[in-house]
Amino acid sequence: MNLLAVDTSHAQGSLALARVSNSQVTEMFSVAWQKQAMHSDMATLELQNLLKKSNCALRDLTHIAVNIGPGSFTGLR
């Protein structure tokens with residue numbers, strides 16, 4: 001399983017990708033950034049970098065987890 005976790009509910013955004021096998025995390029990759037304008041400006045670029053660093057394609061993601069807040073509407077959208 002390849003799990004992508006996304007948190008854009010605060011001024012600092014973050015993404016994490018975990019590879020899980022037999023209920024154990026076998027590899028973990030993460031990135032964080034400080035919000036400059038909108039998280040969407042950074043999240044897409046950082047996701048591309050994270051996928052490249054982890055040698056994982058978007059189609060290989062099997063699960064996505066998101067923080068639902070509280071936070072700004074735009075940041076959570």
Side-chain angles (χ1 to χ4, degrees):
M1 165 173 62
N2 292 317
L3 168 69
L4 175 66
V6 181
D7 184 359
T8 57
S9 63
H10 302 289
Q12 183 176 8
S14 62
L15 299 169
L17 191 145
R19 289 204 173 100
V20 180
S21 180
N22 297 325
S23 300
Q24 299 290 322
V25 174
T26 58
E27 287 184 281
M28 176 80 89
F29 304 89
S30 65
V31 64
W33 62 91
Q34 194 64 30
K35 182 177 174 181
Q36 301 294 322
M38 292 191 298
H39 282 302
S40 59
D41 294 339
M42 293 298 297
T44 303
L45 295 171
E46 293 297 347
L47 176 58
Q48 291 172 344
N49 292 336
L50 184 67
L51 291 172
K52 185 182 286 187
K53 184 168 95 173
S54 64
N55 198 26
C56 183
L58 195 57
R59 68 179 171 272
D60 297 331
L61 297 176
T62 57
H63 296 75
I64 298 176
V66 297
N67 183 341
I68 61 171
S72 71
F73 171 76
T74 303
L76 295 171
R77 180 173 47 140

[atom1]/[X] to [atom2]/[Y] distance, rounded to the nearest 0.5 angstrom?
{"X": "His10", "Y": "Gln34", "atom1": "NE2", "atom2": "CD", "answer": "11.5 Å"}
{"X": "Met42", "Y": "Leu47", "atom1": "CE", "atom2": "CG", "answer": "12.0 Å"}
{"X": "Gln12", "Y": "Lys35", "atom1": "CD", "atom2": "NZ", "answer": "12.5 Å"}

Between [X] and [Y], is there shared hydrophobic-cluster membership here, with clusters defined by ILVMFWY side-chain heavy atoms closer than 4.5 Å?
{"X": "Phe29", "Y": "Met1", "result": "no"}
{"X": "Leu45", "Y": "Leu15", "result": "no"}
{"X": "Ile64", "Y": "Val31", "result": "yes"}
{"X": "Leu50", "Y": "Leu58", "result": "yes"}
{"X": "Val66", "Y": "Leu51", "result": "yes"}

*When you look at Ser14 and Asp7, which way does the side chain to side chain donor-acceptor pair (under 3.5 Å) test go after all the steps?*
CA-CA 5 Å; Ser14 62; Asp7 184 359; 4.6 Å; no
*Starting from Leu3, walk the hydrophobic network (Ile, Leu, Val, Met, Phe, Trp, Tyr; side-chain heavy atoms closer than 4.5 Å) and list everyone else you reach, by chain and number.*
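Answer for Leu3: none, a lone residue.
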Sequence neighbours excluded and cut-off under 3.5 Å, please list the side-chain donor-acceptor pairs for residues 17-26, or say none.
from: Arg19; atom 1: NE; to: Asn2; atom 2: OD1; distance (Å): 3.4
from: Arg19; atom 1: NH1; to: Glu27; atom 2: OE1; distance (Å): 2.8
from: Arg19; atom 1: NH1; to: Ser54; atom 2: O; distance (Å): 3.2
from: Arg19; atom 1: NH2; to: Ser54; atom 2: O; distance (Å): 2.5
from: Arg19; atom 1: NH2; to: Asn55; atom 2: O; distance (Å): 3.4
from: Thr26; atom 1: OG1; to: Arg19; atom 2: O; distance (Å): 3.1

